[in-house]
Each structure stands twice: as C-alpha cells, then as structure tokens.
Amino acid sequence: MCGIVGYVGKREAYPILIKGLHRLEYRGYDSAGVALLNGDLKTFKCVGKVSDLETFAKDMDKTGSVGIGHTRWATHGEPNNVNAHPHYSESKNLAIIHNGIIENYAPLKEEMKSRGHVFLSDTDTEVLIHLIEDIQENEKIDLEEAVREALQEVHGAYAIVIVSKHHPNQLICARKGSPLVIGIGEKEFFIASDATPIVEYTKNVIYLDDEEIAVVKGTGELSIKTIKNQVKTPYIQKLEMQLEMLEKGGYDHFMLKEIYEQPRSIKDTMRGRLHVDKGLIKLGGLVDYENKLTHAERIIIVACGTSWHAGLVGEYLFEELARIPVEVEYASEFRYRNPVISEKDVVIAISQSGETADTLAAIEMAKSKGATILGICNVIGSSIPRTTHGGSYTHAGPEIGVASTKAFTSQVMVLTLMALLTGHNKGTITESRYHQLLNELELIPEKVKKVLTSDEQIKAIAAEFKDAHNFLYLGRGYNFPVALEGALKLKEISYIHAEGYPAAEMKHGPIALIDESMPVVFLCNNQSAYEKIVSNVQEVKARKGRVIGIVEEGDEIIQKLSEFTISLPRTEEPFSPILASIPLQLLAYHIAVMRGCNVDQPRNLAKSVTVE
Ligand code: G6P
C-alpha cells in the first residue's frame with residue numbers, strides 16, 4: 001500500500017527520497033511522486049514505477065533540502081498522473097502525501113467546491129490539503145493548528161506529511177491507523193511509512209502513535225502533540241534492522257532470498273525460547289499471559305492472507321497439544337459480525353506487517369469485549385504489537401517479497417512453541433511426548449535446509465507445468481492449510497488460478513475439474529490418514545489428473561502413483577507444515593519466473609494492506 005518518505009535537513013532531499021521510495025516499492029504501488037521545496041514548491045509525479053518517475057524528472061530542477069515522496073496504491077481514483085501524490089492545496093503553497101482513506105471526503109469536497117475550491121484529482125487526499133488551507137485562511141491560525149483542526153474533522157485513516165512554502169525548513173506529519181516512523185539524524189529528520197528507508201541514515205527512531213502530529217525542523221527541533229493539543233514526550237527507540245537485510249544479497253529476487261533464509265529465520269524464531277536441555281519453552285512476551293492461555297475456554301485466531309493460513313495450522317496445534325477449542329477467523333469478516341466474545345477468550349492476532357487494517361480493527365473490537373489479545377507479528381514496533389496485551393515477535397527479519405514465505409514458517413513456529421508451552425502447562429501432553437517433540441523441534445532448521453536441496457528438482461517440475469491454466473492443491477489435517485498456502489503462493493505471483501482444498505472434500509466439487517491437463521499437488525506427508533490420502537491420489541489418477549506428490553522420504557506407494565514426487569525429511573506430524581510449505585514456495589517461485597512475472601512485486605498486490 002502507499003509508501004511515504006520525507007526529509008528535512010542539510011542534504012539534498014531528492015536522492016534520499018528516491019532511494020526511500022525504492023525501498024518502499026515492496027509495499028505495492030501504481031504511481032509515484034515527489035515534492036521539493038527550494039523557494040518554489042515543485043511537484044513531479046507520474047503513473048508507473050519509481051524508475052519511471054526518475055526518467056520523468058531527469059531534466060528538472062531537483063534541488064532542495066526539504067521534500068516529500070510517495071508511492072500510491074490507488075483507492076479513490078484510477079492510477080494516473082493527476083491522482084498520484086503529492087497534492088497541492090488551492091494556493092499551491094502546501095503539498096501533502098497520504099496513506100489511508102479519508103472516508104468523509106465527499107461531503108467536505110462538495111462543501112468546498114460550493115465555495116469556489118477547484119479540485120484537480122479524484123482523490124480524498126486532495127480534499128484534506130484543501131481543508132487544511134481553508135481552515136488556516138479562515139481562522140488566521142498557524143499551519144500546525146490548522147492541521148490539528150482539520151484532522152478532527154476527518155474520519156478514516158491517515159499517515160500524512162505536509163510541506164509548506166511558507167515554512168522552508170519544516171515538515172508536519174501525523175498518523176491515525178496508518179504507520180509513520182520518524183528517523184532522527186544530526187539536525188535532520190527522515191520520515192517514512194516504515195523503517196526501511198531510514199535505517200541507512202540513523203538507528204534512532206520514533207514510532208508516531210495514532211492521532212499524534214509531529215513538527216520536525218532542519219534546526220533539529222522536534223515537537224509532538226495529539227490532535228487534542230496535548231504535548232507528548234518523544235519516545236526514541238533503537239532500530240535492530242541492518243542494511244544488508246534490505247538487499248538481495250546475490251539472489252535474483254527477494255522472494256528467493258527469503259525462501260533460502262528459512263533455516264536461519266526459523267532458528268531466530270526459536271532462539272532463546274527453546275531450551276531442549278532444560279525441557280523448557282520461554283516466550284518472554286507471554287509470561288504474564290501463560291495462565292490466561294492455560295485456562296482459556298477458547299482461542300480465536302484473527303488474521304488475513306498467509307497469516308490466516310498460519311492461524312489454521314495453529315488450530316490443529318492448539319487443539320491437539322493443548323486441547324483448547326480454536327476458531328480461526330478472517331479479520332475482515334470477524335470485525336463486522338457480532339461475535340460472541342467473553343473475558344475467558346484469548347484472541348491471537350497474526351500479522352507479518354503488524355499493520356493490516358482489518359486485523360487491527362478486529363483486535364480493537366475483541367479488546368472492547370474484554371478478551372485477552374496476544375499478537376504474533378514480524379515488524380518490530382508496528383501497530384499491532386503496540387495494541388495487544390502481550391505476544392511474541394517472529395524475528396524472521398524484514399520480509400520484502402510481497403508473497404510471504406519466511407514470515408509464514410516463523411508464524412507457524414511461534415504457534416508451535418505457544419501450543420507446546422500451553423499443553424505442557426496444562427498437562428495435556430505427557431512428559432515423554434513433550435520432550436520427544438522438543439528434541440524434534442530443534443532439528444527443524446536443519447531439515448528445512450535439506451528440503452532446499454530439492455530446488456533443482458522443483459525447478460524441473462516448474463518447467464513442466466509453467467503453462468498450466470489451473471492447479472489444485474490437496475492436503476489433509478495439518479497439511480490442509482499448507483495446500484491453501486501453496487495455492488495462494490502460485491496465484492499471487494504467477495497469476496495461474498489455483499485452489500487449495502481438503503483432499504477428501506475434493507469429491508464434493510473440484511473432482512469435476514480433473515482431466516489430463518490438471519496438475520494436482522498432493523500433500524502426502526501426513527503419517528495419520530495416510531491410507532486415506534493414497535485413496536484420494538488414486539481418485540485423481542483415475543481421472544487422468546497429473547499428480548505431484550509431496551511425500552516423506554522412504555515413501556514408495558505415492559512415489560509410484562505420482563508423476564513427480566518431492567521428498568521431505570521425516571518429522572513429527574505437528575511440525576510437517578513447516579517442511580511441506582517450502583517446496584510449494586519454490587514451485588510457485590520458479591513457475592512465476594519462467595512466466596516472466598514480477599515475482600517481488602506482483603500486480604495489484606500490496607505487502608501490507610493498511611486500508612479496509
Ligand atoms: C497482504 C500480503 C500477504 C499477507 C496479508 C496479511 O495480502 O500480500 O502476503 O499475508 O496481506 O498481511 P499481514 O501483514 O497482516 O500478515
């Protein structure tokens with residue numbers, strides 16, 4: 001979704017803004033633009049990539065040490081040069097960039113139009129900057145005050161940065177519902193939607209809270225107030241991110257790098273938490289909530305996209321290991337129902353970005369009904385971990401590829417640790433089984449490494465099926481969510497239609513689709529229900545479907561039945577989703593590359609969905 005960068009200081013702003021916009025490309029966007037202040041307030045913007053903007057601005061004067069930059073993911077108004085940000089106010093003395101949606105923009109626009117305002121774009125953002133200037137002029141107040149008043153009039157979500165011709169050394173920024181980070185340098189400030197454009201300049205950052213407005217100046221001054229005019233003391237945090245984490249490191253794509261990082265990222269998720277020798281699991285952010293989990297009458301998992309698939313694996317884990325009933329909900333559905341929630345419920349919100357608007361709204365709703373909310377997030381300092389009662393970071397490191405890979409396996413790992421810890425505390429697993437599982441868990445990163453050695457073989461399978469129009473992914477039990485996730489990966493990046501289904505449910509519909517051109521990826525790595533899976537494979541074969549079997553090493557039956565097989569190291573069944581998801585990530589990746597798709601930035605998708 002929209003990306004924001006801003007700079008005020010002594011350096012030339014343009015190169016910093018452009019580099020920042022490149023860093024934010026992973027969020028997904030359709031147009032880009034920049035405003036620079038150097039006496040005049042100039043904007044240049046165009047539909048397309050940041051590199052198109054660079055070409056467009058090639059011969060223009062780009063001097064100035066104050067500026068703002070934006071990548072737009074269209075909501076109000078089609079992607080075109082006019083709708084791209086920044087937007088000017090009526091007088092062109094102010095320019096704004098915005099991430100979010102101003103929901104009541106239409107009546108505000110009509111009202112201002114009736115008073116002679118002329119709007120150039122179809123966006124809600126242009127309405128906001130007109131409103132700010134209108135208030136400033138009518139009430140003869142300063143800009144910060146006018147921003148404050150305007151923000152009290154608007155409904156919806158925003159992260160904004162404003163530059164003013166009359167304030168040549170300052171930027172004003174504010175947030176509500178959409179993220180904003182301020183990096184603090186030596187008499188200079190960097191503003192961005194997340195820390196990725198900031199990390200190479202400074203490690204000192206402030207995460208703005210909802211309804212806060214910050215004024216930053218090239219003199220080094222910074223002040224923060226709420227929109228209700230309360231003065232806030234800035235809370236400066238240290239970034240843990242390293243610059244190398246944001247580079248491709250020799251891989252062709254971030255997605256491939258992130259797939260290959262999984263032995264490391266999974267180990268990082270377990271680091272300091274799994275103590276096999278002592279028979280201990282320690283999750284620091286959950287210590288105060290272990291008791292709550294042990295006595296939970298129900299767990300409700302809320303999430304979107306890939307994180308929702310991780311939640312489904314969590315359902316199997318918590319029910320088997322801790323004997324707690326679990327419901328897994330799409331955050332977007334959950335928030336608009338009137339679900340029955342009590343204080344005895346524990347809600348687990350899963351989100352890579354920690355910024356997904358629907359997940360945040362679901363949390364607020366469950367919180368208001370008294371539930372305990374725990375988060376599983378990857379981005380440190382993001383909004384979800386700041387609104388939940390407790391939780392665990394996944395520590396997978398920055399995930400840049402839009403299609404989530406390492407974040408998923410780390411989410412599943414956190415859920416595994418939580419379920420094992422809770423099961424042990426509750427006594428729902430025997431001591432011997434608990435230790436057996438802990439011993440096996442420690443081996444998972446090495447086993448993931450082994451799965452990655454199948455890459456060439458998977459590439460050959462990809463070459464065979466790259467022109468398919470449809471794919472089916474079938475799995476049972478723990479590996480049903482893996483089937484859903486495998487299908488999602490393929491859809492997202494290769495644009496091939498794919499469906500994930502519980503293997504036995506196939507007979508109630510998808511079986512009608514099977515013919516000699518239908519590739520069927522079969523997850524056959526479950527020890528339980530193995531015979532049933534063999535029967536399901538037979539059913540597909542009988543209709544001439546082309547079977548790609550994901551099996552455990554040593555499997556001979558499915559091997560014989562399948563056209564292709566990929567072997568996984570043997571593991572305990574509750575841990576099998578982590579291993580089984582990796583070949584499916586690689587299969588989707590290679591197919592997408594062979595089809596010439598933009599793997600890291602698939603069309604229409606955004607890395608973090610900060611609007612409903
Ligand atoms: C978007 C991303 C997905 C992600 C989903 C949920 O659709 O493209 O990769 O799974 O949002 O995001 P979250 O950050 O909450 O996990």
Side-chain angles (χ1 to χ4, degrees), residues 1-3 24-29 73 99 177-179 193-194 196 254-255 258-259 265 301-314 328-335 347-364 373-388 391-415 481-482 484-495 500 581 584-585 588-589 592 597-612:
M1 298 255 134
C2 302
L24 294 173
E25 284 191 294
Y26 79 99
R27 296 167 69 91
Y29 69 106
W73 190 89
N99 172 17
S178 298
S193 298
D194 62 45
T196 57
F254 280 109
M255 184 181 176
E258 287 155 9
I259 292 173
S265 53
I301 299 180
V302 292
C304 302
T306 288
S307 300
W308 184 78
H309 294 157
L312 286 180
V313 179
V328 187
E329 300 270 0
Y330 286 115
S332 53
E333 287 296 314
F334 181 72
R335 60 177 290 198
V347 172
I348 301 178
I350 309 176
S351 173
Q352 187 287 129
S353 63
E355 301 291 351
T356 301
D358 282 318
T359 310
L360 267 163
I363 290 171
E364 291 305 337
I373 321 285
L374 306 176
I376 299 178
C377 295
N378 195 37
V379 178
I380 294 171
S382 54
S383 301
I384 292 178
R386 291 188 297 141
T387 49
T388 48
S392 290
Y393 280 115
T394 43
H395 294 305
E399 191 179 66
I400 308 291
V402 164
S404 187
T405 52
K406 64 174 181 172
F408 173 75
T409 46
S410 285
Q411 288 166 344
V412 174
M413 181 50 82
V414 171
L415 287 161
V482 178
L484 294 179
E485 176 58 10
L488 178 65
K489 285 292 84 86
L490 189 71
K491 268 187 281 212
E492 283 180 311
I493 59 171
S494 75
Y495 318 138
S581 55
L584 307 195
Q585 297 167 351
Y589 170 78
C597 300
N598 186 343
V599 171
D600 283 332
Q601 292 164 35
R603 69 183 180 207
N604 304 337
L605 292 179
K607 182 70 184 159
S608 77
V609 178
T610 51
V611 295
E612 288 182 37

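Remember, it's 1-based here, ligands and their atoms both numbered in the order they're listed. Residues: numbered from 1 along the sequence shown.
Checked for salt-bridge contact, Glu329 and Arg335 miss the test: no charged N lies under 4.0 Å from a carboxylate O.
The shortest N/O to N/O separation between Thr359 and ligand 1 does not fall below 3.5 Å. Where the criterion is an N or O separation shorter than 3.5 Å, residue side chain and backbone included, Ala403 fails it with respect to ligand 1. When only interatomic distances are considered, the shortest N/O to N/O separation between Ser353 and ligand 1 falls below 3.5 Å. Distances between N or O atoms of Thr356 and those of ligand 1 include at least one value under 3.5 Å.
Protein heavy atom at the shortest distance from atom 16 (O) of ligand 1 is Ser307 OG, 2.5 Å. Atom 10 (O) of ligand 1 has Thr306 N, 3.0 Å as its closest protein atom, hydrogens excluded (heavy atom only).
The only member of Glu355, Glu258, Glu25, Glu399 that meets salt bridge (charged side-chain N to carboxylate O under 4.0 Å, His left out) when paired with Lys607 is Glu399.
Nearest residue to atom 3 (C) of ligand 1 from Glu485, His309, Glu492 is Glu492 (criterion: closest heavy atom).
Cys304 counts as a contact of ligand 1, since one of its heavy atoms falls under 4.0 Å from the ligand. Close to ligand 1: Val402, with a non-hydrogen atom less than 4.0 angstrom away.
Contact annotation for Ala606 and ligand 1: only backbone heavy atoms (N, CA, C, O) come within less than 4.0 Å of the ligand. The backbone of Lys607, and not its side chain, has at least one atom closer than 4.0 Å to an atom of ligand 1 (non-hydrogen atoms only; backbone = N, CA, C, O).
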